[in-house]
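Keep in mind that what you see is a predicted model, and the values were worked out from it rather than measured. Within every chain, numbering begins at 1; the chains are lettered A, B, ... in the order of the sequence lines, protein sequences first and strands thereafter.
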Amino acid sequence: MEKIHDKKRLVINLLDWYDEHARVLPWREEATPYRVWVSEIMLQQTRVEAVKPYFERFLKAFPSISSLANAKDDELSKVWEGLGYYNRVKNMKKCAQMCMELYDGKLPSTYEQLLQLPGIGSYTAGAVASIAFKEKAAAVDGNVLRVFSRLLVSEDDILKESTKKKFQKIILDYIPEERCDAFNQALMEIGALVCAPNAAPRCNICPLAQDCIGYQNGKAHYLPIKKAKKQRRIEKRTILVVVWKDKVLLYQRPEKGLLSKMYEFKNLEDHYLKKDIINRIGAKHVLSYKKLKDAKHVFSHIEWHMKACLIEVDEPIEEGIWCTKEELEHTYAIPSAFQTYKESLYEWWKEKSYE
DNA sequence: AAGCCGGGGAC
DNA sequence: GTCCCAGGCTT
């Protein structure tokens with residue numbers, strides 16, 4: 001690990017660049033603690049472009065900490081539908097309830113207090129403390145780790161917790177007293193737009209190139225070092241879109257584990273023959289059977305290889321939720337894994353002119 | 001330290 | 001296909 005010679009110059013160049021190139025983002029317009037917090041939770045492992053359509057919608061549905069503390073779980077899930085990592089929004093509700101009880105309905109203002117709240121780890125605590133409350137705290141995310149490992153030519157594995165801690169400490173020494181909020185955001189902005197992930201670093205346009213040891217030594221391109229992650233396991237699943245008249249059969253997933261408490265079509269582990277599926281439903285109840293296209297959905301640690309069919313039954317034989325199109329659209333949150341089959345269902349309803 | 005937890009965009 | 005994103009929690 002090398003040492004930067006002129007830290008002050010680096011910080012000035014960074015802030016000057018940020019003043020000119022910062023993207024206009026909804027949560028930057030009016031950086032209230034609530035808005036900053038909501039944006040930071042949404043942005044965990046999620047790109048800016050993916051968050052944009054959710055941010056204003058969420059603020060409109062839950063404009064304050066108290067409204068969030070009193071929200072119904074299904075309404076929260078529905079607003080978060082499609083964004084992923086659904087525990088984030090569950091933790092937000094818990095967090096809002098704690099703010100009501102402990103902090104007079106507001107977010108606490110210090111890094112240490114924020115860190116105690118559910119869903120807020122070292123990065124988010126640093127981001128909210130610095131951006132919303134102007135506390136001189138580091139906010140070390142994937143961008144910052146990448147930028148700094150190149151700046152300093154660090155060959156530490158950035159996935160290790162110890163590396164993150166190390167950089168947190170180092171970076172604290174760079175943060176200017178006056179503009180800690182801009183500094184942290186500028187580092188991430190550089191990481192997103194210049195010192196890019198999944199692409200060659202654009203050192204030719206980088207305002208930090210002058211002070212970047214990785215660039216100066218021609219080592220920026222192979223950094224950061226990251227240990228290979230283990231491969232996903234594959235699960236075969238069979239999706240049964242069971243319909244009765246103008247309704248479809250839904251179930252709620254268990255409290256814990258993957259996609260907890262989200263809603264889904266009937267589905268089974270493994271793949272089955274048509275006759276076994278028909279037998280399982282009870283042959284005399286099946287009015288029609290339609291094979292649907294295969295689909296694959298990739299989670300962070302699992303791959304679902306799905307086969308599917310749409311089955312029309314003559315009476316509501318299964319215990320579950322018989323759900324209308326209206327409720328599918330406005331009430332029940334269905335994870336993206338089932339999106340293909342939600343579309344198949346809409347087409348089927350359209351053909352049957354149930355809409 | 002390693003596993004769990006989503007979804008999608010860029011290459 | 002592979003990588004990784006304004007990460008955090010649980011085991």
Report summary line: Value for SG (C323(A)) from CD1 (I334(A)), rounded to nearest 0.5 Å, stands at 6.5 Å
**Report entry** Shared hydrophobic cluster, I131(A) / Y18(A) (ILVMFWY, side-chain heavy atoms < 4.5 Å)
**Finding:** no
Query raised in the report: Quick one: which of dA2(B), dG7(B), dG6(B) gets closest to the side chain of R88(A)?
Result: dG6(B)
Report task. Provide the closest heavy-atom pair for R150(A) versus P201(A) in the form atom of the first, atom of the second, distance. Result -> NH1-CB, 3.6 Å
Query raised in the report: How far does the C1' atom of dG6(B) sit from the matching atom of dC4(C), given to the nearest Å?
Result: 13 Å
Report task. Please state how far atom CD in E49(A) lies from atom C1' in dG8(B), giving the value in whole angstrom units. Result -> 12 Å
Requested in this report: Test for a donor-acceptor pair under 3.5 Å between the base of dG6(B) and the side chain of T46(A), counting only N and O atoms.
Outcome: yes
Query - Sugar-phosphate, base or nothing in reach of L159(A), heavy atoms under 4.0 Å - result: nothing
Query raised in the report: Under 4.0 angstrom, heavy atoms only, what part of the nucleic acid is V48(A) near: base, sugar-phosphate, or nothing?
Result: base
Query raised in the report: Between E303(A) (CD) and dG6(B) (P), how many Å, whole number?
Result: 16 Å
Report task. Establish, with yes or no, whether the OP1 or OP2 oxygen of dA6(C) is under 4.0 angstrom from a side-chain nitrogen or oxygen of N143(A). Result -> yes
Requested in this report: For I120(A), report the nucleic acid contact type (base, sugar-phosphate, nothing); a contact means any heavy atom under 4.0 Å.
Outcome: sugar-phosphate
Query raised in the report: CG of L258(A) versus P of dG3(B): gap in Å, rounded?
Result: 17 Å
Report summary line: Looking only at dC5(B), dG7(C), dA6(C), the nucleotide nearest the Q44(A) side chain is dG7(C)
Report task. Please determine, for the side chain of F299(A), which listed nucleotide (dG6(B), dC5(C), dG8(C)) has the closest atom? Result -> dG6(B)
Query raised in the report: Hey, are K78(A) and E81(A) close enough for a salt bridge, meaning a charged N less than 4.0 Å from a carboxylate O?
Result: yes
Report summary line: Whole-Å distance, K164(A) NZ to dC9(C) C1', equals 12 Å
Report summary line: Taking dA6(C), dG6(B), dC4(B) as options, the one with an atom nearest any side-chain atom of H301(A) is dC4(B)
Query raised in the report: Which nucleotide in the list dC5(C), dG7(B), dC5(B) gets nearest to the side chain of P197(A)?
Result: dC5(C)
Requested in this report: Compare the minimum distances between each of dC5(C), dG8(C), dC4(B) and the side chain of R47(A), then state the nucleotide with the smallest one.
Outcome: dC5(C)
Requested in this report: Could you tell me the separation between the CD atom of Q231(A) and the C1' atom of dC3(C), rounded to a whole number of Å?
Outcome: 15 Å
Report task. Find which nucleotide of DNA chain C each of M188(A) and G119(A) is nearest to by heavy atoms, and output the residue with the more 5' nucleotide. Result -> M188(A)
Query raised in the report: With a non-hydrogen cut-off below 4.0 angstrom, is R232(A) in contact with a base, only sugar-phosphate, or nothing?
Result: nothing
**Report entry** Atom pair distance, as rounded to whole Å: OH in Y85(A) and P in dA6(C)
**Finding:** 13 Å
Query raised in the report: Does Y272(A) have K307(A) sitting over its ring (NZ/CZ under 6.0 Å from centre, angle to axis within 45°)?
Result: no
Report task. Check every strand shown and say whether K256(A) touches a base, only sugar-phosphate, or nothing at a heavy-atom separation below 4.0 Å. Result -> nothing
Query raised in the report: Between dC5(C), dG3(B), dG8(C), which nucleotide gets closest to the side-chain atoms of S122(A)?
Result: dG8(C)
Query raised in the report: Base, sugar-phosphate alone, or nothing: which one does T124(A) contact when heavy atoms must sit under 4.0 Å apart?
Result: sugar-phosphate
**Report entry** Pair E189(A) + R28(A), salt bridge at N-O below 4.0 Å
**Finding:** yes
Query raised in the report: When all nucleic acid strands are considered with a 4.0 Å heavy-atom cut-off, which category describes G191(A): base, sugar-phosphate, or nothing?
Result: nothing
Report task. Using only side-chain N and O atoms of H297(A), determine if any of them is under 4.0 Å from OP1 or OP2 of dG6(B). Result -> no
Query raised in the report: Which of these, R237(A), K342(A), R253(A), sits in a salt bridge (Lys or Arg N to Asp or Glu O under 4.0 Å) with E264(A)?
Result: R253(A)
**Report entry** Nucleotide nearest E189(A) when distance is taken to its side chain, options dA6(C), dG7(C), dC4(B)
**Finding:** dA6(C)
Query - Contact nearer the 5' end of DNA chain B, comparing M262(A) with K230(A) - result: K230(A)
Query raised in the report: Rounded to whole angstrom units, what separation is found between the CD atom of Q339(A) and the P atom of dG6(B)?
Result: 16 Å
Query - Residue S336(A), side-chain heavy atoms: nucleotide from dG3(B), dA6(C), dG7(B) that is nearest - result: dG7(B)
Query - Whole-Å P distance, dG8(C) and dG8(B) - result: 22 Å
Report task. Establish, yes or no, whether a centroid distance under 6.0 Å links the rings of W80(A) and Y54(A). Result -> no
Report summary line: Closest to the side chain of K229(A), out of dC4(B), dG8(C), dC4(C), is dC4(C)
Report task. Classify the nucleic acid contact of W27(A) as base, sugar-phosphate or nothing, counting any heavy atom under 4.0 Å across all strands shown. Result -> base
Requested in this report: Give a yes/no answer on whether the side chain of R146(A) brings an N or O atom under 4.0 Å of OP1 or OP2 in dC5(C).
Outcome: yes
**Report entry** Nearest-Å distance for atom pair NZ/C1', residues K296(A) and dG8(B)
**Finding:** 14 Å
Query raised in the report: Is K227(A) touching bases, backbone alone, or none of the nucleic acid, heavy atoms closer than 4.0 Å?
Result: sugar-phosphate
